[in-house]
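Because the structure is predicted, anything quoted here is derived from the model rather than measured. Proteins come first, then strands; the chains are lettered A, B, ... in the order of their sequence lines, and each starts at number 1.
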Amino acid sequence: MKNNYYITTPIYYPSASPHMGHAYSSIIADFFARFKRMQGFNVFYLTGTDEHGQKIERAAKEKKKDPLVFCDEISKTFKDLTKTLNLSNDDFIRTTENRHKKSAKNIWNILEKKGEIYLSKYSGWYSVSDEAFYTEEELEIINGSKVSKLSGSTVEWVEEESYFFKLSKWQEPLLKFYSENQDFILPISRKNEVLSFVKSGLKDLSVSRKSFKWGIPVPSNKDHIMYVWLDALTNYLSALNYPDENDKMYKSFWPADLHIIGKDILRFHAVYWPAFLLAADIKPPKRVYGHGWILSGDQKMSKSKGNILDPLQIIDIYGLDALRYYLIKEVSFGNDGNISKEKLENCINSDLANNYGNLCQRVVSFSEKNTNLKISNNITFNEEDKSVLSNYSKNYDKIISFVDNQDINSYINFVVEQLFVANKYFNDQEPWKKKSDLLRLNTIIYTSLELIRKVTILLYPIIPDTSKKVMKIFNLNLNDIKFESIKNDEFIEKDSQINKIGILFKKIVKND
RNA sequence: GGCGGGGUAGCUCAGUUGGUUAGAGCGCGGGACUCAUAAGCCCGAGGUCAGUGGUUCGAUCCCACUUCCCGCUACCA
């Protein structure tokens with residue numbers, strides 16, 4: 001059985017610095033990557049930057065920089081972000097790299113050879129910043145310049161020779177593909193949007209530009225460069241050493257298991273991308289998940305509203321794991337979510353400090369005071385112990401299906417429930433009243449520690465740093481973070497010594 | 001304008017293949033305990049499940065209409 005798992009983030013467009021949306025996509029993808037890895041899968045997690053296009057060319061020009069130099073600088077901030085967010089990505093691809101250019105050109109050649117691309121002429125109003133053409137009706141005039149009603153960006157009249165991809169031809173095959181792959185687009189609400197869009201009729205897609213130079217040249221015609229999306233989407237193949245279809249990477253990981261994207265780029269991933277691939281006779285990816293946006297308060301973050309929450313700043317104040325936990329727990333995955341300092345602080349205090357951090361602390365500290373941090377080899381579970389411990393083995397398959405269905409919220413709700421269970425267990429057993437019954441005392445401590453170990457494993461994909469820290473209580477390390485081990489109720493070594501740990505999450509004291 | 005999704009406790013959201021007292025977390029109020037980051041545990045407050053009408057023995061869940069919100073899409077050119 002194939003035991004590989006390929007997950008991607010979008011490649012980010014480095015015309016500006018990373019923001020919360022980038023952080024969110026990457027953290028979500030990291031959650032899946034880490035879970036599948038600890039489940040035993042051979043995971044390839046890809047992220048990177050999409051560096052071509054007119055927008056970049058102009059931004060570089062404004063700063064009087066060579067486009068590549070400009071991209072080098074900004075791409076680096078995204079690469080740095082992978083470290084800041086503690087992403088477990090296996091590769092970082094840039095569309096300016098040769099391996100990618102080779103791959104993109106190959107796709108082009110195949111499409112052209114198969115007659116899927118033809119030369120024609122396009123004229124219309126084009127927005128550089130949106131990378132889209134608009135019809136007259138989609139435009140309005142503000143302050144004397146023509147702008148998109150939708151995005152408000154200015155457009156310019158473009159009239160040029162262009163290559164077209166025969167997208168219209170793929171309308172029916174796409175619909176067939178969607179119906180044969182019911183879960184290709186998630187969440188369902190997004191799938192409906194795509195279906196109705198495709199059903200309403202597809203027009204051929206302009207896939208080359210002549211008006212600027214910053215891009216991958218069309219192999220057969222140096223006057224043209226490839227449309228950024230055809231170029232960019234191909235990155236998912238490039239990182240697998242495509243076009244070498246016999247390469248081990250390609251054979252192992254294509255088709256991709258999951259493209260994590262924001263809802264704003266759904267059409268490119270759910271329509272154009274599978275169409276390009278079908279036309280090139282390459283299997284489309286298995287799933288595209290379009291998540292929502294992270295709003296600040298109830299509004300989109302924007303400079304003019306002054307409500308921008310910079311992920312770097314948040315991490316600086318509250319710590320990375322707090323942000324990761326918040327984004328995964330508090331955002332209903334698939335819908336727009338909301339972040340504010342107040343909500344974040346609430347979440348840190350109640351879930352991370354009070355519930356989880358304090359749980360670890362109280363058990364270890366109790367052990368320190370009563371059994372000198374020694375784990376007895378004489379442990380006898382009673383029915384109550386067995387019952388709480390069995391929550392994990394009992395729900396083992398369910399947890400996996402939560403992940404495989406991208407039901408992140410059910411996953412974390414299960415985790416939080418287990419935190420309650422563990423706290424309640426310790427409370428109800430009242431070990432402080434059992435000091436004369438050493439067998440029982442040791443068993444309660446052992447059971448509590450096992451509960452902590454198990455929940456910590458489930459927390460690992462969410463808050464990896466903290467999890468690793470907690471595992472040190474038991475002298476365990478990353479190699480011991482195996483999903484399967486949550487079924488084992490006696491994983492912690494008997495007749496051993498556990499370690500104290502410091503405060504995991506400091507409570508945030510509100511002064512108002 | 002068309003299509004789709006949605007309006008459930010102060011807040012964020014679950015849920016009901018239609019059936020006795022509608023759920024969780026946070027927040028709030030009270031209680032018992034003391035191992036712990038004054039954390040944890042227990043109890044509670046109570047929302048006409050957007051509105052109206054219909055189907056049904058019975059609807060928050062089905063149907064129709066109204067209204068509000070959101071997404072996609074189109075057009076009046």
Side-chain angles (χ1 to χ4, degrees), chain A residues 134-140 149-150 185 187-203 262-267 270-271 290-295 297-300 325-327 329-340 342-371 373 402 407-435 441 444-445 447-449 451-452 500-510:
Chain A
Y134 290 109
T135 60
E136 196 68 42
E137 293 76 33
E138 291 171 312
L139 302 170
E140 60 188 343
K149 283 180 186 170
L150 218 64
I185 302 162
I188 301 287
S189 52
R190 302 270 161 240
K191 174 183 161 184
N192 293 337
E193 285 171 18
V194 171
L195 284 183
S196 72
F197 172 75
V198 174
K199 280 179 186 160
S200 75
L202 296 176
K203 282 183 247 166
K263 62 182 182 180
D264 49 323
I265 52 173
L266 183 65
R267 186 187 299 173
V271 181
H291 66 65
W293 286 330
I294 306 302
L295 311 175
D298 271 331
Q299 299 177 308
K300 245 184 120 165
Y325 184 89
Y326 182 90
L327 290 175
K329 161 102 188 306
E330 296 297 324
V331 176
S332 163
F333 191 51
N335 299 324
D336 289 353
N338 228 292
I339 186 167
S340 68
E342 194 190 348
K343 286 183 170 184
L344 180 59
E345 289 176 1
N346 264 338
C347 175
I348 292 169
N349 283 352
S350 57
D351 281 31
L352 295 174
N354 293 349
N355 235 329
Y356 180 54
N358 184 57
L359 170 70
C360 298
Q361 208 62 232
R362 73 193 293 206
V363 173
V364 171
S365 169
F366 185 83
S367 164
E368 183 188 12
K369 285 180 185 159
N370 295 282
T371 62
L373 297 172
F402 287 154
D407 188 356
I408 296 183
N409 298 103
S410 293
Y411 179 95
I412 197 159
N413 286 342
F414 177 81
V415 172
V416 172
E417 206 180 300
Q418 296 319 307
L419 291 175
F420 290 138
V421 166
N423 268 313
K424 181 171 166 51
Y425 169 83
F426 198 72
N427 229 81
D428 291 354
Q429 296 307 313
E430 301 181 307
W432 47 90
K433 288 184 183 167
K434 309 273 163 66
K435 293 186 182 176
L441 189 72
I444 293 169
I445 292 172
T447 304
S448 301
L449 289 171
L451 293 178
I452 289 173
K500 286 173 67 176
I501 48 161
I503 298 286
L504 294 175
F505 296 94
K506 242 191 205 157
K507 271 193 86 158
I508 293 151
V509 184
K510 291 171 198 175

[atom1] gap between [N] and [M], integer Å:
| N | M | atom1 | answer |
| --- | --- | --- | --- |
| U56(B) | G19(B) | C1' | 12 Å |
| G40(B) | G31(B) | C1' | 14 Å |
| C13(B) | G7(B) | C1' | 13 Å |
| U21(B) | C28(B) | P | 31 Å |
| A9(B) | G5(B) | C1' | 23 Å |
| A22(B) | G29(B) | C1' | 22 Å |
| C69(B) | G51(B) | C1' | 15 Å |
| C49(B) | G2(B) | C1' | 30 Å |

ask   = Hey, are Lys500(A) and Glu368(A) close enough for a salt bridge, meaning a charged N less than 4.0 Å from a carboxylate O?
value =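 Yes.
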
[atom1] of [X] versus [atom2] of [N]: gap in Å, rounded?
| X | N | atom1 | atom2 | answer |
| --- | --- | --- | --- | --- |
| Arg190(A) | G5(B) | CZ | P | 13 Å |
| Trp432(A) | U34(B) | CH2 | C1' | 7 Å |
| Tyr325(A) | U12(B) | OH | P | 19 Å |
| Lys424(A) | C33(B) | NZ | C1' | 13 Å |
| Asn338(A) | G25(B) | CG | P | 21 Å |
| Trp293(A) | C70(B) | CH2 | C1' | 11 Å |
| His291(A) | C70(B) | NE2 | P | 21 Å |
| Asp351(A) | C26(B) | CG | P | 7 Å |

request  = Mark yes or no for a side-chain to base donor-acceptor pair under 3.5 Å between Asn358(A) and A36(B), with no hydrogen or angle criteria applied.
outcome  =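 Indeed there is one.
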
query = In this structure, are over 12 heavy atoms from other groups packed under 6.0 Å from Lys506(A) atom NZ?
reply =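 For Lys506(A), atom NZ is not crowded (no more than 12 foreign heavy atoms under 6.0 Å).
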
Residue met sooner reading RNA chain B from 5', once Lys435(A) and Ser350(A) are mapped to nucleotides =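 The residue mapped nearer the 5' terminus is Ser350(A).
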
inquiry  = Reading RNA chain B from 5' onward, which residue's closest nucleotide shows up sooner: Asn370(A) or Glu330(A)?
reply    =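 Looking at the nearest nucleotide for each, Glu330(A) comes out on the 5' side.
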
ask   = Looking only at atom types and distance, does a side-chain atom of Asn423(A) sit under 3.5 Å from a main-chain N or O of Asn355(A), one as donor and one as acceptor?
value =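 Looks like yes, one N/O pair under 3.5 Å.
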
ask   = Would you find a donor on one side and an acceptor on the other, under 3.5 Å apart, between the side chain of Asp351(A) and the backbone of Asn346(A)?
value =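 Answer holds: no.
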
Where the side chain of [X] is concerned, which of [options] is the nearest nucleotide?
| X | options | answer |
| --- | --- | --- |
| Gln361(A) | C41(B), A36(B), C35(B) | A36(B) |
| Lys329(A) | G25(B), A14(B), G40(B) | G25(B) |
| Ser332(A) | C41(B), C72(B), C13(B) | C13(B) |
| Glu193(A) | C72(B), A14(B), G40(B) | C72(B) |
| Lys507(A) | U37(B), G25(B), A14(B) | U37(B) |

Only pairs with both distances under 3.5 Å count, Watson-Crick or wobble alike; so what is the partner of [N] in this structure?
| N | value |
| --- | --- |
| A24(B) | U12(B) |
| C65(B) | G51(B) |
| G29(B) | C43(B) |
| G71(B) | C3(B) |

Counting any heavy atom closer than 4.0 Å, what does [X] reach on the DNA or RNA strands: base, sugar-phosphate only, or nothing?
| X | result |
| --- | --- |
| Ile188(A) | nothing |
| Ser200(A) | nothing |
| Phe420(A) | sugar-phosphate |

task = Taking only the side-chain nitrogens and oxygens of Lys433(A), find out if one of them lies under 4.0 Å from OP1 or OP2 of C33(B).
result =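 So the side chain of Lys433(A) is outside the cut-off, no N or O lying under 4.0 Å from OP1 or OP2 of C33(B).
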
With a 4.5 Å heavy-atom cut-off, do [X] and [Y] have their side chains touching?
| X | Y | answer |
| --- | --- | --- |
| Leu352(A) | Leu504(A) | no |
| Ser365(A) | Arg362(A) | no |
| Leu373(A) | Val364(A) | yes |

inquiry  = With the six-membered base ring of C35(B) as reference, does the ring of Phe366(A) sit under 5.5 Å away with planes under 30° apart?
reply    =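 One would not call Phe366(A) stacked on the C35(B) base.
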
